[in-house]
Amino acid sequence: MDLLADLTPPQREAVIHVNGPLLVLAGAGSGKTRVITRRVAHLLHKGVAPHNILALTFTNKAAGEMRERIEALIPGAKVWVGTFHGFCARLLRAHGSLVGLDSSFTIYDQADRLRAVRDVLDAMGVDEPPITPEKIEGAISRAKNDLATPKSLAHRARDDRDRLVAKVYAGYEEKLRAASAVDFDDLLVHVVKILKEHRDVRADLDARYRYVLVDEYQDTNMAQYAIVRALSVDHPNLCVTGDPDQSIYGWRGANLSNILEFEKDYDGVKVVKLEHNYRSTKTILAVADHLIQYNVNRKPKDLITENPSGEPVQVTVYARETEEAEGVAGRIASLVREGAYNYSDVAVFCRITALTRTFEQAFRSARIPYQIVGGVSFYERQEVKDVVSFLNLINNPKDDLALSRVVNVPPRGLGKTSFDHLIAFSREHGLPLLEAARRAREVPGLKEKAIRSFLDFVTLFDELAGLRDHPAETVILQTMEKTGYRQHLKDESRGEGEDRLANLEELITAAREFDHEHPGATIQDFLAEITLASPVDRWDQQTGAVTLMTLHAAKGLEFPVVFIIGLEEGLLPHSRAFENPNELEEERRLFFVGITRARKELYISRCRIRTFRGQQQATAQSRFLMELPEDFLSYDDRSGVSAGDSRWAQGSWDRRPASPPRRPPSSSPSQPTRTPTPSPSGFRLTTAAQLGGGGAAGPMAPPGDLDAFRPGASVLHPQYGLGRVVAIEGAGPNRKGRIAFTLAGERTFVLAKSPLKVVGKTGAGPR
DNA sequence: ACTGAACGCTTTTTT
DNA sequence: AGCGTTCAGT
């Protein structure tokens, strides 16, 4: 076929570019994937050898898609397409020894790393860390993404917490090294180290991967940048594609300047801009474009489409989240009933996974087929993890974390005490736990019964370890039999055992498929595959079901009909982003990504009351709602509070910023981004209890002045100064208010007992 | 050593 | 609210 015939001039430019660095700035829906795959095909046509091409993506799903499309253009092309992490894992199997890594290293997932951090804290004798293990783990991860070592971290530590983090980081590294394990970040970091310290290896790889392509370049972090950079020194035929407006992984260390500075970084960069959108209606695009212009830190970009105008974007307000879910379900049902769409044409996006639960229920009772992407991954389920841990131990006998997980599964009488003795012994002799268990007789303090159990375990292990080089399916089946795990689940008194066995059956199926697709592969390969798999990878557009996923997971996908739910302050934008303008802009980009997934119809909703962590809370509408262009919206308040009073129904839209968003870059602090959030106007009933029909038990609350504290209201505190009500928690006289102070951050007060004064209502009231 | 109960914390997002 | 971790009882 002619690779160029159906391309626009800019697309063609990108496709036919062969040598030298190339930056493709691709707006949402501009046919980016198509351009990349065509370019690969073009390179191959020009005589570039397939093994000289390396295409890197962020998710396996994106990689799979790209591989498929290249395969369709050039059947049998052996181009390496994969994720950064997968690529690095493979590289480390071959070159890991350069950084002291066995080729059989284990890859730790998030749960493993947390476990490891806890163990280190334990070993350090820190009973009550001043920061949570999660935070420490996060700090370590961030450090790694920035290529910081424990030493450099210790060096720039400012306070005790920093020092603790640095110390735990050091202990953590040592623990992983001893266990011959790497975490997700290490996969990248170790490769960076190799590339930096071994010029010959770097040069070889640079020459080998003569043509490198990186997708979603705006989401690369320092480590990923360093890898790409090192592979493009002698042969800078690097093609990166991305869209700064779709950068949504800053929290994970993504560095936007990688893409913004690309032109300065490489010599003679060719830049191609793809601004033509082939996906969405004019209306949807206008809404997205209008919104994203509120970002100050941004390069202007046009989004053009010749698609039809389409329907207005519908914004709906519901009373509470159950109604939001039912409303969406009802809408989907009628869309499908009318025959315009299939279930698989529809997606529902939310900011956080926790919100999917309500929708699950609503879909179930409306008999709408759905699939949830994200949440607890299949491979994180306990029973799956147990079996997988055993596989990990077989593959890497030094993996202490894996051993501690399975040594007493099913229960064989090894409790904490015995295990502690074993740990002490292993520490003293510098042995992996498995070796310590082998010498259980020498371990001081062990009871005869425990000794025997440990030895039995080792015998069992040895037996299974003999299967190391067998196909994954065989090893799993044998493990389940010989350990008695299958029997153990069968015996489980409650019905849960059935489900768990079913999950393990699924694991076996996955292994069988893997064995089939990768003849000659070992459990090591299987383990790497499943550890690096993400929930999104299992998602399938063609299942005839509505898709329910987070906004993050939605990147790179498209659907004819999209619902974005929970447009509330604290949710989107997420409360953790409130204080940081950059994070706030990232939230806006996240919303932007969601909007631009939609091809034909877009529905946006929020509710006035949301139950979160068991608490009912009145919500404030998202500030982003006011940044959408009114002309392209149709607004529907179904929360009931406005019934019969049209003034209220319009209210929410009275408070939008009067000025158009296109503004000089140096606009005053009163620019739209900083506009204080209006309260949910038209919301006469202030507390959750009142709106819910006074459902809360207890004495009637004397409404009094407390009702003046509504989300959005401005308040004054004698000490903390000016603030804004973010949320009201609970109802009645003891209700609490969460106040975001301009200077003092967020604090919570029992309103009746606080010296807070309402000084003004930002929200629209009846005039 | 194992079981059930209280406790406390949380995840925003993911390779 | 739900979950996992820790605690108390047998």
Side-chain angles (χ1 to χ4, degrees), chain A residues 56-63 82-89 107-115 118 122 127-128 131-135 137-138 141 144-145 182-189 216 219-221 223-224 247-254 321 349-358 373-377 379-380 382 408 410-420 447 449-450 453 493 528-537 549-555 566 570-578 583 586-587 589-591 593-594 610-617:
Chain A
L56 295 171
T57 63
F58 277 83
T59 63
N60 293 296
K61 199 183 141 10
T83 65
F84 268 100
H85 291 83
F87 172 67
C88 290
I107 302 171
Y108 281 180
D109 66 15
Q110 181 110 14
D112 298 331
R113 345 175 22 149
L114 193 58
R115 174 84 275 151
R118 290 210 167 106
D122 243 21
D127 287 350
E128 287 177 1
I131 28 176
T132 63
E134 286 84 1
K135 287 238 166 76
E137 188 266 326
S141 176
K144 290 191 176 188
N145 284 327
V182 300
D183 61 28
F184 286 142
D185 302 320
D186 284 335
L187 288 172
L188 308 173
V189 173
E216 310 281 10
D219 287 329
T220 48
N221 62 29
Q224 287 157 333
S247 159
I248 55 176
Y249 284 105
W251 55 276
R252 216 167 81 184
E321 75 269 14
F349 301 151
C350 54
R351 179 65 233 274
I352 60 175
T353 25
L355 298 189
T356 53
R357 219 165 250 155
T358 323
V373 179
V376 184
S377 150
Y379 294 109
E380 283 163 22
Q382 193 185 337
N408 198 32
R412 51 171 69 81
L414 291 171
K416 183 159 171 13
T417 327
S418 310
F419 196 59
D420 281 345
K447 295 248 160 49
K449 187 170 147 253
S453 293
S493 46
E529 165 119 342
I530 64 177
T531 324
L532 295 176
S534 76
V536 197
D537 301 332
M549 58 168 57
T550 64
L551 286 162
H552 282 88
K555 196 178 67 165
L571 225 43
L572 186 62
H574 192 273
S575 53
R576 302 253 289 236
F578 280 166
E583 289 179 33
E586 182 156 311
E587 296 289 312
R589 290 196 292 269
L590 198 49
F591 188 24
V593 166
R610 189 172 291 279
T611 312
F612 192 57
R613 297 223 262 261
Q615 292 266 330
Q616 284 201 351
Q617 284 192 186

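Letters go in sequence order (proteins before strands), and every chain restarts at 1. Predicted model, so just to flag it, every value in this text is computed and none were measured.
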So if I take every side-chain heavy atom of A/Glu134 and compare against B/dT15, B/dT10, B/dT14, which nucleotide ends up nearest? B/dT10

Atom NZ of A/Lys449 to atom C1' of B/dC2: distance rounded to whole Å? 10 Å

Does the aromatic ring of A/Phe184 sit over the six-membered base ring of B/dT14, closer than 5.5 Å centre to centre and tilted less than 30°? no

Plane angle bin for A/His552 and A/Tyr249 - parallel if under 30°, tilted between 30 and 60°, otherwise perpendicular: tilted

For the residue pair A/Phe84 and A/Phe58, categorise the inter-ring angle as parallel (less than 30°), tilted (30 to 60°) or perpendicular (more than 60°). tilted

In whole angstroms, how far is the P atom of B/dT11 from the CZ atom of A/Phe612? 11 Å

Is any side-chain N or O of A/Thr353 closer than 4.0 Å to OP1 or OP2 of B/dT13? yes

Backbone N or O of A/Lys449 within a donor-acceptor pair of the A/Ser453 side chain at under 3.5 Å? yes

Residue A/Arg357, side-chain atoms from C-beta onward, closest of B/dA1, B/dT14, C/dC3: C/dC3

Between B/dT15, B/dT13, C/dT5, which nucleotide has the shortest distance from any of its atoms to the side chain of A/Arg118? C/dT5

Among B/dT13, B/dT10, B/dC2, the nucleotide that comes nearest once only the side chain of A/Thr132 is considered: B/dT10

Could you work out which one of B/dT15, B/dT14, B/dA1 sits closest to the side chain of A/His85? B/dT15

Take the protein atom CZ of A/Arg610 and the nucleotide atom P of C/dA1, then report the distance between them rounded to whole Å. 16 Å

Just checking A/Thr611: base, sugar-phosphate only, or nothing, at a heavy-atom cut-off of under 4.0 Å? nothing

Is a salt bridge present between A/Glu134 and A/Arg118, judged by a nitrogen-to-oxygen distance below 4.0 Å? yes

By side chain to side chain donor-acceptor pair (under 3.5 Å), which residues pair with A/Gln224, not counting sequence neighbours? none

Give a yes/no on whether any side-chain N or O of A/Asn221 is located under 4.0 angstrom from OP1 or OP2 of B/dT15. no

Among B/dT15, B/dA1, C/dT5, which nucleotide sits nearest the side chain of A/Thr83? B/dT15

With the side chain defined as heavy atoms from C-beta on, A/Gln110 is closest, among B/dT13, B/dA1, B/dT15, to B/dT15

